[in-house]
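Letters A, B, ... mirror the listed sequences (proteins, then strands); counts begin at 1. Nothing here was measured: the structure is a model prediction, and the numbers come from that model. Atom set for the values below is all heavy atoms of this structure, side chains included, hydrogens, waters and symmetry mates excluded.
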Protein chains: 2
Amino acid sequence: MASPKDPVTEASAQKLRLSKEIVLAGALDLVDTEGLDALTMRRLGQELNCDPMSLYRYAENRAALLDGVSELVFNELEIFPHDPDWKAQLRRIAHDLRLLALRHPNVVPLLVTRPLSTPLGLRPLGTLRPLEQILSLLVDAGFEPTDALHVYRAYYGFLYGHILNELQEFIVDPEENEVLLRLGLHRLPAKDFPRLRALAPVLADYDGAAELDQGLTILLCGLESSLTQSVPSATD
Amino acid sequence: MASPKDPVTEASAQKLRLSKEIVLAGALDLVDTEGLDALTMRRLGQELNCDPMSLYRYAENRAALLDGVSELVFNELEIFPHDPDWKAQLRRIAHDLRLLALRHPNVVPLLVTRPLSTPLGLRPLGTLRPLEQILSLLVDAGFEPTDALHVYRAYYGFLYGHILNELQEFIVDPEENEVLLRLGLHRLPAKDFPRLRALAPVLADYDGAAELDQGLTILLCGLESSLTQSVPSATD
DNA sequence: CGGCTACAGTCTACATTGTAGGGAACCTGC
DNA sequence: GCAGGTTCCCTACAATGTAGACTGTAGCCG
């Protein structure tokens, strides 16, 4: 006869061997569906149905878990570091990263803040790979390495900024069809925030992709001019 | 005779009446000197020497405390929304905000991530004021409100991005004078990260202000051209 | 076959966190 | 002096991360 809690009756309760991949995938899943706060050791254990303590075999810390999740997400980003058309490539990467962020909005705080507490060299390698590859791309395109770094910074800075901006302006309650309410703007004193309130309709239909592209055009334009009229290098 | 713990002997133990300002100032202080994690109710209570529970009279939540700290920092930023020279003003604001971030590096994660979990209309007012004021600035400068919003987004996005970039590249151990080591880059496999490693010296002396200014030039340039050759509005 | 080692997973236990609920102390009007 | 509200403090509880010891199992060597 079956024990009171027959493991078979509990759907998907077959406990297969854990692995770093499984643990991280579970963690990402949990973060995606329930937010960062839901990612506790106990909760994740329950999700993978294993003992919370088992997890420590695959992630030293909770912090390491978070790093792992960041890395996992970054690995979804594909970069072709030898594309001769660097501008097109940067455009594509930007849009890909944007979509990535929209797919994993709850992870974005991680992507943005974890590096702040981890010195560059000690970050998970997956996190640094985009940097390296974009540098490659730019150097191949003819930038001096130093300039490539500067370009990278301008580019990535802009990109991060855009993503943060866009995610910030999520609609609160899509059911509500009065715009002021939908964005919670009705709470703002009309006297102090006339501009903001007046822009409610515009805020409501934010076309992130278009906005990103527009910004990219400005940026890439400026960057290119800095390439063509670059200081004549001694070796060139 | 004195009680075992004479309150007078404990320097600065005079417990003055609490207030929201005092609590928030204490919180900011704690975050600045010891980091975000050090800001716990108990710890803050100990710092202000009062019972941790007292704090709940002035901040509903720990989250509210965090919001308060953000707001406090944002209030350090001064904006003159009616400066006729909008470009100079935007430049100045950018540099001010940068310095603000350098002064309160531990708060930056808050500034960046709190808004992600709070819909626009429900944020602390102090957080929204810069937005409103910059919109004013731009509209006064001749932008259509809608365009002003777009400009604001590009501008603030870039600015946030830059700040994140710059803070990420903090030097780990200034004692160490070998650059690779100082940035922790020695850990990176030389085969996979040639560019990054080669750039170590450049990474090490990062002139944030210059970099910011350079980016601003590109950006403002592009923005201005979008102003002068703006689509001819019907009312103009 | 018997026993040894190594590792995966589990259990228990503890310090630390945010915060509810109930009183104690104090100030302010009469 | 006293009623009523405000401010503060104490206790208590559930949840968290994680250390440390324990159990089971698989593989290997004699």
Side-chain angles (χ1 to χ4, degrees), chain A residues 3-5 7 10 12-28 30-31 33-70 106 109-110 113-114 117-118, chain B residues 3-8 10 12-28 30-31 33-70 106 109-110 113-114 117-118:
Chain A
S3 62
K5 285 203 173 184
E10 288 195 286
S12 77
Q14 61 236 353
K15 58 178 56 178
L16 41 132
R17 185 66 146 270
L18 285 181
S19 76
K20 191 163 181 176
E21 284 69 32
I22 294 181
V23 169
L24 289 183
L28 176 55
L30 197 51
V31 172
T33 57
E34 309 200 25
L36 266 183
D37 292 341
L39 180 53
T40 70
M41 297 315 237
R42 288 171 164 86
R43 185 66 212 284
L44 181 54
Q46 169 180 335
E47 212 68 19
L48 298 175
N49 70 349
C50 67
D51 188 283
M53 281 295 118
S54 310
L55 303 173
Y56 284 88
R57 193 96 18 195
Y58 305 98
E60 191 137 358
N61 268 339
R62 194 183 113 96
L65 242 187
L66 296 180
D67 278 338
V69 171
S70 302
N106 295 330
L110 279 191
T113 56
R114 295 280 322 150
S117 42
T118 321
Chain B
S3 63
K5 285 208 173 181
D6 189 341
V8 179
E10 288 194 284
S12 79
Q14 62 236 353
K15 58 176 55 180
L16 41 132
R17 182 67 145 269
L18 287 181
S19 75
K20 189 164 183 176
E21 285 70 31
I22 295 180
V23 169
L24 288 182
L28 176 55
L30 197 52
V31 172
T33 58
E34 310 200 25
L36 266 183
D37 291 341
L39 179 54
T40 71
M41 298 314 236
R42 286 170 166 88
R43 185 67 211 284
L44 181 55
Q46 169 179 337
E47 212 68 18
L48 298 174
N49 71 346
C50 68
D51 188 282
M53 280 295 116
S54 309
L55 303 173
Y56 284 88
R57 197 76 35 180
Y58 304 99
E60 192 136 0
N61 268 338
R62 193 182 115 95
L65 241 186
L66 296 181
D67 279 337
V69 172
S70 302
N106 295 331
L110 277 191
T113 56
R114 295 280 323 151
S117 43
T118 322

Atom CG of B/Asp37 and atom P of D/dT16: how far apart are they, to the nearest Å? 17 Å
Where the side chain of B/Arg43 meets the backbone of B/Asp37, is there a donor-acceptor pair that is under 3.5 Å apart? no
Closest approach of A/Leu65 and A/Ala59, non-hydrogen atoms and distance? CG-CB, 4.0 Å
In whole angstrom, what separates B/Leu44's CG from C/dT19's P? 13 Å
Tell me which nucleotide among C/dG9, D/dT16, D/dT18 gets nearest to the side chain of A/Arg57. C/dG9
hbond_proxy B/Arg62 side chain to C/dG18 base (donor-acceptor, 3.5 Å cutoff): no
With a non-hydrogen cut-off below 4.0 angstrom, is A/Ser54 in contact with a base, only sugar-phosphate, or nothing? base
Starting from P on C/dG9, measure out to CG on A/Leu55 and report it in whole angstrom. 10 Å
Whichever of A/Tyr58 and B/Pro52 has its nearest DNA chain C nucleotide further upstream toward 5': A/Tyr58
Whole angstrom is fine here: how far is it from OH in B/Tyr56 over to C1' in C/dG22? 16 Å
Proximity to the side chain of A/Arg42 - top-ranked nucleotide from D/dA19, C/dT17, D/dG17: D/dG17
Give the rounded distance in Å between these two atoms: CE of B/Met41 and C1' of D/dC8. 14 Å
Interatomic distance where CG belongs to B/Leu48 and C1' belongs to D/dT7 [whole Å]: 15 Å
Looking only at the side chain of B/Asp51 (C-beta and beyond, no hydrogens), which of the listed nucleotides C/dA8, D/dC10, D/dT7 gets closest? D/dC10
Can you see which heavy atom on A/Ala27 is nearest to which on A/Leu44, and at what distance? N-CD1, 3.7 Å
Once you round to the nearest 0.5 Å, how far does OG1 of A/Thr40 lie from CG of A/Leu30? 7.5 Å
Check the distance between C/dT17's C1' and B/Gln46's CD and give it to me in whole angstrom. 14 Å
Using a cut-off of less than 4.0 Å, is there contact between a side-chain N or O of A/Asn61 and OP1 or OP2 of D/dG17? no
For atom CD of B/Glu60, decide whether the heavy atoms of other residues, nucleotides or ligands shown that lie under 6.0 angstrom number more than 12. no
What nucleotide, of C/dT10, C/dG18, D/dC9, holds the atom closest to the side chain of A/Met53? C/dT10
